[in-house]
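Below: the structure, in structure tokens.
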Amino acid sequence: MKRKKISMPVNSRYFNNSIWLLMYRLITAFMHLLFNVVIARLYHGEVFGTINYTLSIVSILGVFTALGLESILIDEFSKNQKEKETILTTSLMLRAGVSLITILLVFVFFAFCAPIDSFSEHILKIQVWMLFAQSFEVVNSWLISESKSKVNVRNTAVSQFICSIFQILALVFWNSIEWYVALTVVQTLGIGILNLLYFNKNKTLKYKWDFAAAKNLLNRSYHLILTNFTIVLYTQLDKIMIEGFTSRVEVANYSVAVSLCNIWGFIPLAFANSYAPKIFILKKEKPRQEYESALIRLWSMVFGMSIMFAGIMFVFSQLIVLMLYGSEYEKAIPLLRILSISNFFAVLGSVRGSTWIIAENKQKYSKYYCVFGTVLNILLNYLLIPHIGGTGAAIATLSTEIMVAVIAPLFFSETRKFVVLLLKSFHNIPGMTRELFLQVTRRIKHE
């Protein structure tokens with residue numbers, strides 16, 4: 001039987017949207033890296049470590065305020081075009097309401113307790129407002145479902161350009177970390193508001209609460225809340241445990257490695273998220289063979305990218321760290337090598353979660369995978385960090401990502417199919433890469 005030719009259409013709206021989504025991720029990653037480098041070089045490691053330490057706490061809180069809605073909303077918007085306003089306003093009210101309650105609880109907690117130093121508490125009280133600003137990300141889910149990520153890129157560029165000017169002033173001339181952190185919140189809020197104004201460009205949007213819609217969203221997403229909580233727990237708890245067992249300077253070194261890994265991790269995910277609406281439609285309307293074939297083609301592309309980027313980061317880790325951050329952070333070099341491998345397995349798990357898990361409606365299994373991973377991560381961190389510091393945390397993270405991405409799905413008969421599809425996608429990487437390159441080349445020549 002003749003083997004079906006592997007292809008990924010580069011002229012489709014999904015591919016074009018993935019390019020815009022990639023541009024958005026590139027802009028945010030570049031700006032994040034730029035300011036990380038500036039802060040690391042202008043301020044000592046203790047300050048840089050504090051910012052990342054408190055941000056880890058906010059990230060953990062952010063799981064609950066996000067309500068696991070991102071991928072669910074893309075699916076809902078794709079299937080229910082006529083109800084988009086109801087879905088958007090209800091989800092926005094849900095996220096905004098929960099975030100404001102969380103912020104209030106944080107301030108009440110610090111009114112009666114003082115578990116951290118005053119500077120860290122001050123920074124945390126500013127950063128926590130990011131939870132409310134992120135509520136407007138529900139609009140971006142609609143933009144992705146409509147293949148209109150170009151709008152989000154434009155609004156991101158506008159907000160980041162304006163805020164970045166003042167952030168540079170805050171760091172270089174005003175010597176104020178507090179203003180820098182506050183402007184980061186303003187920047188995120190600005191992007192969300194601009195996206196919302198685009199959604200309501202016809203000025204017909206009515207903010208109304210729909211209990212049935214809220215119930216449906218939460219029924220679909222509550223599995224993902226626990227899943228995302230455990231993911232963030234084992235990706236952020238390491239910094240908190242490093243600070244507890246060693247020092248914030250060690251947190252700074254570990255944060256350098258993590259931030260450098262994040263430079264490339266979003267690239268394959270941008271393609272996966274952009275093609276997710278197409279995968280959901282194929283699952284609903286086409287034969288299973290066609291749906292699974294599309295999944296394999298998509299995964300082959302994004303996993304091939306991940307292998308390439310992880311290899312580059314591993315080989316050139318010393319050059320990258322010393323060139324960007326200087327010799328003060330040379331201890332981040334071995335951490336970066338370990339985490340670059342870890343990030344590859346993290347991409348496997350994330351792509352599965354944003355495509356196959358949602359399409360197959362198997363969200364309940366995600367939380368089991370991540371619980372296994374979290375228990376393993378906490379145990380290894382507790383055993384390794386006191387002896388080898390950040391290196392122990394990096395080893396724990398790598399072990400956890402392998403557990404969550406590959407080993408845990410084998411524990412359940414209903415999700416072993418994922419591993420089969422995963423192996424097929426790896427087998428197709430050379431052919432997928434070659435075909436994609438040829439299609440892009442042909443398109444460039446025609447243009």
Side-chain angles (χ1 to χ4, degrees), residues 28-63 65 102-103 106-107 109-110 114-134 160 163-189 232-233 235-263 265 321 324-326 328-329 331-332 335-336 339 389-390 393-394 397:
T28 53
F30 174 76
M31 297 307 297
H32 180 73
L33 176 64
L34 174 64
F35 283 110
N36 261 358
V37 171
V38 171
I39 294 171
R41 285 187 173 273
L42 289 182
Y43 299 84
H44 54 81
E46 186 79 15
V47 173
F48 186 55
T50 296
I51 294 173
N52 285 278
Y53 166 67
T54 53
L55 191 58
S56 295
I57 298 173
V58 174
S59 297
I60 293 173
L61 295 174
V63 175
T65 59
T102 304
I103 292 169
V106 169
F107 277 83
F109 176 79
F110 281 113
I116 56 178
D117 60 274
S118 58
F119 176 68
S120 299
E121 179 183 334
H122 190 48
I123 295 297
L124 181 58
K125 284 181 177 179
I126 301 172
Q127 286 176 329
V128 77
W129 284 99
M130 183 68 76
L131 301 178
F132 176 74
Q134 290 171 342
Q160 287 202 328
C163 290
S164 294
I165 294 173
F166 290 99
Q167 285 178 312
I168 292 171
L169 291 173
L171 292 174
V172 178
F173 298 103
W174 304 340
N175 195 31
S176 174
I177 289 291
E178 291 86 348
W179 270 109
Y180 164 76
V181 173
L183 285 163
T184 302
V185 177
V186 172
Q187 173 186 295
T188 302
L189 183 61
V232 171
L233 195 62
T235 56
Q236 300 296 331
L237 191 62
D238 43 15
K239 297 175 189 174
I240 297 173
M241 294 183 73
I242 290 172
E243 195 273 343
F245 284 117
T246 58
S247 67
R248 289 191 185 170
V249 173
E250 190 74 9
V251 175
N253 285 314
Y254 190 81
S255 298
V256 165
V258 171
S259 64
L260 288 172
C261 278
N262 290 338
I263 292 175
V321 171
L324 292 176
Y325 290 91
E328 182 183 354
Y329 293 92
K331 289 184 178 179
L335 307 182
L336 178 57
L339 291 176
T397 299

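The residues of the chain are indexed from 1 along the displayed sequence.
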For a quick test of reading the model, state the closest non-hydrogen atom pair linking [X] to [Y] and the distance between them.
X	Y	answer
Cys261	Leu336	SG-CD1, 3.7 Å
Gln127	Val181	CG-CG1, 3.3 Å
Ala332	Val256	CB-CG1, 3.9 Å
Gln187	Ser164	OE1-OG, 4.4 Å
Ala393	Ile242	CB-CD1, 3.7 Å
Tyr325	Tyr329	O-CD1, 3.6 Å

Next item on the list: State whether Glu121 and Lys125 are salt-bridged, where the test is any N-O pair (Lys NZ or Arg NE/NH1/NH2 against Asp/Glu carboxylate O) under 4.0 Å.
Entry: yes
Next item on the list: Kindly determine whether Leu55 and Leu124 satisfy side-chain contact (heavy atoms from CB on, under 4.5 Å), including the steps that lead there.
Entry: CA-CA 7 Å; Leu55 191 58; Leu124 181 58; over 6 Å; no
Next item on the list: Step through the shown structure and confirm whether more than 12 heavy atoms of other residues, nucleotides or ligands are within 6.0 Å of CZ on Phe107.
Entry: yes
Can you tell me how far apart [atom1] ([X]) and [atom2] ([Y]) are? Round to the nearest 0.5 Å.
X	Y	atom1	atom2	result
Ile177	Ile126	CD1	CD1	10.0 Å
Ile165	Gln160	CD1	CD	12.0 Å
Leu34	Ile39	CG	CD1	9.5 Å
Ile57	Ser120	CD1	OG	8.0 Å
Leu131	Thr65	CG	OG1	4.5 Å

Next item on the list: Go through the steps for Thr397 and Tyr254 under the test side chain to side chain donor-acceptor pair (under 3.5 Å), then give the verdict.
Entry: CA-CA 12 Å; Thr397 299; Tyr254 190 81; 3.1 Å; yes
Note to self: Once side chain to side chain contact (heavy atoms under 4.5 Å, CB included) is applied, do any residues pair with Val185, and if so which ones, sequence neighbours excluded?
What the structure shows: Trp129, Met130, Ala133
Checklist line | Under the side chain to side chain contact (heavy atoms under 4.5 Å, CB included) test, residues paired with Leu183 that sit two or more places apart | finding: Phe166, Gln167
Margin query: Between Leu324 and Leu260, is the side-chain contact (heavy atoms from CB on, under 4.5 Å) condition met? List the steps.
Written below: CA-CA 10 Å; Leu324 292 176; Leu260 288 172; 3.7 Å; yes
Check: Relative to the ring of Trp174, is the ring of Trp179 parallel (under 30°), tilted (30 to 60°) or perpendicular (over 60°)?
Finding: perpendicular
